[in-house]
Amino acid sequence: MTDSSAPPVAVFDLDNTLADTAHRQRFLESEPRDWNAFFAAAPDDPPLAEGVALALASAEECEVVYLTGRPERCRRDTLAWLAAQGLPEGRLHMRDDQDRRPARHTKLEVLRQLARTREIRMLVDDDELVCDDAERAGLTVVRARWTAPSEALGEAQEQDGRT
């Protein structure tokens, strides 16, 4: 049962939705992938204007919640990045450091938990598989298509369970 007195939530992914990861894709394009370098470079991500504008506009009517496949060990850097971009404060859901399930599984689990008590106004994400599963679950989805799709990041999300 959702709390009708609480504002709805707008759920935002980070990588390639709010944060441009193009400058760190190179760490995923060779074998073995350099995950430490990939995540260490995240604080230098430029913001994506389309995603940031949508998050700011959503904050006028919704509680903004962030849902990322980044590991929990990146929390401090991620919170600092969100604040530096002037993004709305909001809960940040991250992947457990040892969780290697595909992003579509980890994110849908969190979305289902949120939906038990709150209306989810929309999910904004660039991962097509996450978006497809969220739509099948009855959620309104905004597909973040303002960056070029990254094959390396897609594999990381689906096969490696890393972001």
Side-chain angles (χ1 to χ4, degrees), residues 2-25 28 38-39 42-43 45-71 74-75 77-79 81-95 99 101-163:
T2 59
D3 180 356
S4 60
S5 66
V9 295
V11 182
F12 284 82
D13 172 47
L14 295 178
D15 293 337
N16 286 345
T17 298
L18 296 174
D20 187 348
T21 65
H23 72 101
R24 54 187 171 112
Q25 294 298 317
L28 303 180
F38 179 76
F39 289 120
D45 288 354
L48 291 166
E50 297 91 337
V52 170
L54 186 55
L56 292 171
S58 296
E60 294 176 15
E61 295 182 8
C62 298
E63 175 187 338
V64 173
V65 173
Y66 302 100
L67 175 58
T68 181
R70 290 181 188 184
C74 298
R75 179 172 290 276
D77 285 345
T78 301
L79 288 171
W81 185 90
L82 290 166
Q85 308 317 311
L87 284 155
E89 288 186 22
R91 289 178 286 165
L92 172 61
H93 295 271
M94 303 184 84
R95 177 192 300 271
D99 189 343
R101 293 175 295 154
R104 61 193 166 94
H105 297 298
T106 60
K107 288 185 175 182
L108 262 289
E109 183 178 288
V110 172
L111 289 166
R112 285 186 179 110
Q113 289 171 355
L114 284 171
R116 286 187 192 120
T117 59
R118 300 290 293 279
E119 174 197 345
I120 298 177
R121 174 75 48 91
M122 69 178 154
L123 166 69
V124 184
D125 203 303
D126 69 307
D127 185 324
E128 293 294 332
L129 295 173
V130 170
C131 292
D132 291 345
D133 283 0
E135 285 177 338
R136 278 193 287 276
L139 297 175
T140 299
V141 173
V142 175
R143 293 173 187 258
R145 292 182 172 150
W146 35 83
T147 62
S150 164
E151 185 176 322
L153 187 59
E155 287 177 13
Q157 291 169 324
E158 184 61 19
Q159 296 173 8
D160 297 345
R162 293 288 191 135
T163 185

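Any value given below was found using the heavy atoms of this structure, including those in side chains, with hydrogens, waters and symmetry copies removed. We count residues from 1, following the sequence as given.
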- Item | side-chain contact (heavy atoms from CB on, under 4.5 Å) evaluation trace for Leu67 with Asp125 | CA-CA 9 Å; Leu67 175 58; Asp125 203 303; 5.9 Å; no
- Message: For the OG1 atom of Thr78 and the OH atom of Tyr66, what is their distance to the nearest 0.5 Å?
- Response: 11.5 Å
- side chain to side chain contact (heavy atoms under 4.5 Å, CB included) filter on Asp133, not counting sequence neighbours, yields Arg104, Leu108, Arg136
- Message: Could you work out, with side chain to side chain contact (heavy atoms under 4.5 Å, CB included) as the rule, every residue matching Ala144, not counting sequence neighbours?
- Response: Thr17, Val124, Asp126, Trp146
- Query: Roughly how far, to the nearest 0.5 Å, is OG1 of Thr21 from CG of Leu28?
  - Reply: 8.0 Å
- Would Arg143 and Asp132 pass as an ion pair if we require N to O under 4.0 Å? yes
- Heavy-atom distance under 4.5 Å between the side chains of Cys62 and Pro8, does that happen here? yes
- Task: Taking only Lys NZ, Arg NE, NH1 and NH2, and the carboxylate oxygens of Asp or Glu, determine whether Lys107 and Asp13 approach each other closer than 4.0 Å.
- Result: yes
- Which residues pass the side chain to side chain contact (heavy atoms under 4.5 Å, CB included) test with Glu89, sequence neighbours left out? none
- Note on the structure: Separation between CG (Asp20) and CG (Leu18), nearest 0.5 Å, reads 11.5 Å
- Query: About how many Å separate CZ of Arg112 and CG of Leu139, when rounded to the nearest 0.5 Å?
  - Reply: 8.5 Å
What side-chain donor-acceptor pairs closer than 3.5 Å can you find for residues 46-61, not counting sequence neighbours?
residue: Ser58; atom: OG; partner: Leu54; partner atom: O; Å: 2.7
residue: Glu61; atom: OE1; partner: Arg121; partner atom: NH1; Å: 3.1

- Task: Would you give the length of the straight line joining atom CG of Asp99 to atom CD of Glu109, rounded to the nearest 0.5 angstrom?
- Result: 7.5 Å
- Message: Please report the interatomic distance CZ(Arg101) to OG1(Thr106), rounded to the nearest 0.5 Å.
- Response: 6.0 Å
- Query: Who passes salt bridge (Lys or Arg N to Asp or Glu O under 4.0 Å) against Asp45, sequence neighbours left out?
  - Reply: Arg24, Arg70
- For Val65, what residues pass the side chain to side chain contact (heavy atoms under 4.5 Å, CB included) criterion, not counting sequence neighbours? Val9, Val11, Glu63, Arg91, His93, Leu114
